[in-house]
A.B. asks: 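I have a structure here, written as structure tokens, and I will follow up with some questions on it.
Residue numbers begin at 1 in each chain, while the letters A, B, ... track the order of the sequences. Treat the numbers as computed from the prediction; the structure is a model and nothing was measured.
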There are 2 protein chains.
Amino acid sequence: MSTQDRLIESTRELLWERGYVGTSPKAIQQHAGAGQGSMYHHFKGKPDLALAAIRRTADEMRATAEGVLSTPGSAYARIEAYLRRERDVLRGCPVGRLTMDPDVIASEELRAPVDETLDWLRARLAGIVEEGREQGEFAPSLDAEAIAATIVATVQGGYVLARASGSPAAFDAGVRGLLSLLAPGSTG
Amino acid sequence: MSTQDRLIESTRELLWERGYVGTSPKAIQQHAGAGQGSMYHHFKGKPDLALAAIRRTADEMRATAEGVLSTPGSAYARIEAYLRRERDVLRGCPVGRLTMDPDVIASEELRAPVDETLDWLRARLAGIVEEGREQGEFAPSLDAEAIAATIVATVQGGYVLARASGSPAAFDAGVRGLLSLLAPGSTG
DNA sequence: GTCTATATTGTGATAGAC
DNA sequence: GTCTATCACAATATAGAC
């Protein structure tokens, strides 16, 4: 792995762990085993390096989600697979956590990949929900876009509950509750 | 308002805006119009002051939620009132956002009020859901604890989606989706 | 209780040698 | 491409005068 790559990977790790504000160039360099000079040779500065790291993390998250959502099966089954997929719950979402970073939100450039990824996920889920609705799997009255937002929010909020309590249990409970409400033939 | 109080209130504002890692003692002092000496006279340091601020914010959040949840009406109506209550959506949840702060999560003392508040909220909502279930408002098969976790997660995750997109629309969509799934007599 | 002075370490970056 | 030196400023305090 090139020094440039190690810098990006180290930044991804630290952004996930400590966020943008809590991650210093020095910490990145030490984690990557690179000197100041290397970092500033390959990147204009902290925001530039962070942008490369965020883009890579966002791409990876999208690919992972697509991998689960594009499996064969009913709409409900695919949504369940997405919700129950293995996760490092206590670490939280490497993309979603950036929304709590004031400097990321203040920067159009840094916020863009975060916004685009979550927006893509919502749209992808909305399509699946809509498919399920058309197939008679869900009630005809159901609003696919709204349900998709609920699904993504339950996951993102599940991380919050899990991290607050120091246990993945609350995340799992939130997912279980949502699935019980979505279950075909369920009355709540 | 005493200097001590101004320090706490300033810390609350800054913790909400920038988180623990992003908030410096100097910024707090300037916001409060107090000198270094005052701050270190009233508080042992940044963690001590942050603890006072977090406790106050947590207490306030609990009181606000209880105010909405203790109104008369059906279980569904109270849950809807909670979900639709006026919020400064783009600012996010002043308690929930702290779960993304590495230094808060790393400290038993600082995490405790966050955990207790979200845990109280889940339990309070679970009680209301259970009431609704017993009254025949919801399906008998419904798991009150799980649904409560879903409700809190939808709110916390709604903030994430809203901040990512720079608009409250996604928060509102998530809430709408959840309410449509919970609606008495709904089939989804 | 509040103020100013001082100290140590970290942050984020530039300059220029190798 | 990588390294070390250097820099101005911020973070987080302590000390002691007032």
Side-chain angles (χ1 to χ4, degrees), chain A residues 1-56 97-98 100-111, chain B residues 1-56 97-98 100-111:
Chain A
M1 195 157 54
S2 70
T3 296
Q4 184 169 11
D5 246 49
R6 288 205 319 279
L7 284 164
I8 293 178
E9 289 303 312
S10 294
T11 304
R12 291 179 62 196
E13 291 268 336
L14 291 168
L15 283 182
W16 194 357
E17 183 89 4
R18 304 197 41 87
Y20 182 87
V21 168
T23 298
S24 70
K26 188 180 197 174
I28 294 168
Q29 292 149 25
Q30 289 175 340
H31 191 282
Q36 300 259 85
S38 290
M39 181 186 138
Y40 286 100
H41 171 74
H42 292 291
F43 301 96
K44 288 202 293 283
K46 177 176 164 177
D48 187 41
L49 173 50
L51 181 57
I54 292 172
R55 281 192 175 138
R56 193 177 285 187
R97 72 112 52 237
L98 297 171
M100 295 304 147
D101 236 301
D103 292 1
V104 170
I105 293 304
S107 155
E108 271 305 312
E109 268 205 302
L110 294 181
R111 187 172 61 83
Chain B
M1 195 157 54
S2 70
T3 296
Q4 185 169 11
D5 246 49
R6 288 204 319 279
L7 284 165
I8 294 178
E9 290 303 312
S10 294
T11 304
R12 292 179 61 197
E13 292 267 338
L14 290 168
L15 282 183
W16 195 356
E17 183 89 5
R18 302 198 41 87
Y20 182 86
V21 168
T23 298
S24 70
K26 187 179 198 175
I28 294 168
Q29 292 150 24
Q30 288 175 341
H31 191 281
Q36 300 258 87
S38 290
M39 182 185 136
Y40 286 100
H41 172 74
H42 292 290
F43 301 96
K44 288 202 292 282
K46 177 177 164 177
D48 187 41
L49 174 49
L51 181 58
I54 292 172
R55 282 194 175 136
R56 192 178 285 188
R97 73 110 53 237
L98 296 171
M100 296 304 146
D101 237 302
D103 292 1
V104 170
I105 293 304
S107 156
E108 271 305 313
E109 269 205 301
L110 294 180
R111 188 172 60 84

A.B. asks: Using a cut-off of strictly less than 4.0 Å, decide whether A:Thr3 has a side-chain nitrogen or oxygen near OP1 or OP2 of D:dT2.
C.D. replies: yes
A.B. asks: Considering only NZ, NE, NH1 and NH2 on the basic side and carboxylate oxygens on the acidic side, decide whether B:Arg12 and B:Glu9 come within less than 4.0 Å.
C.D. replies: yes
A.B. asks: Is the phosphate of C:dG10, meaning OP1 or OP2, less than 4.0 Å from a side-chain N or O of A:Ser24?
C.D. replies: no
A.B. asks: Whole angstroms only, please: what is the CD-C1' distance between B:Gln30 and D:dC9?
C.D. replies: 13 Å
A.B. asks: Tell me: NZ of A:Lys46 to C1' of C:dT14, nearest whole Å?
C.D. replies: 18 Å
A.B. asks: Could you check whether any side-chain heavy atom of A:Ile8 comes within less than 4.5 Å of a side-chain heavy atom of A:Phe43, counting everything from C-beta outward?
C.D. replies: yes
A.B. asks: How far apart are the closest heavy atoms of B:Arg18 and A:Asp103, and which atoms are they?
C.D. replies: NH1-OD1, 3.3 Å
A.B. asks: Evaluate the side-chain contact (heavy atoms from CB on, under 4.5 Å) criterion for residues A:Leu98 and B:Met100: first the C-alpha distance (whole Å), next the side-chain angles of each, then the deciding distance (0.1 Å), finally the verdict.
C.D. replies: CA-CA 9 Å; A:Leu98 297 171; B:Met100 296 304 146; over 6 Å; no
A.B. asks: Using only atom types and a distance under 3.5 Å, with no angle test, would you say the side chain of B:Thr11 pairs donor to acceptor with the backbone of B:Ala53?
C.D. replies: no
A.B. asks: Which residues within residues 11-18 of chain A lie with some heavy atom under 4.0 Å of an atom in DNA chain D?
C.D. replies: none
A.B. asks: Hey, are the side chains of B:Glu109 and B:Ile54 touching, using non-hydrogen atoms and a 4.5 Å cut-off?
C.D. replies: no
A.B. asks: Contact list please: residues 31-45 of chain B against DNA chain D, heavy atoms, distance less than 4.0 Å, in numerical order.
C.D. replies: B:Gln36, B:Tyr40
A.B. asks: Calculate the interatomic distance between B:Lys26 atom NZ and D:dA10 atom P; express it in whole Å.
C.D. replies: 5 Å
A.B. asks: Whole-Å distance between D:dT12 P and B:Asp103 CG?
C.D. replies: 9 Å
A.B. asks: Using a 6.0 Å cut-off, check whether atom CD of B:Gln4 has over 12 heavy atoms from anything other than its own residue.
C.D. replies: yes
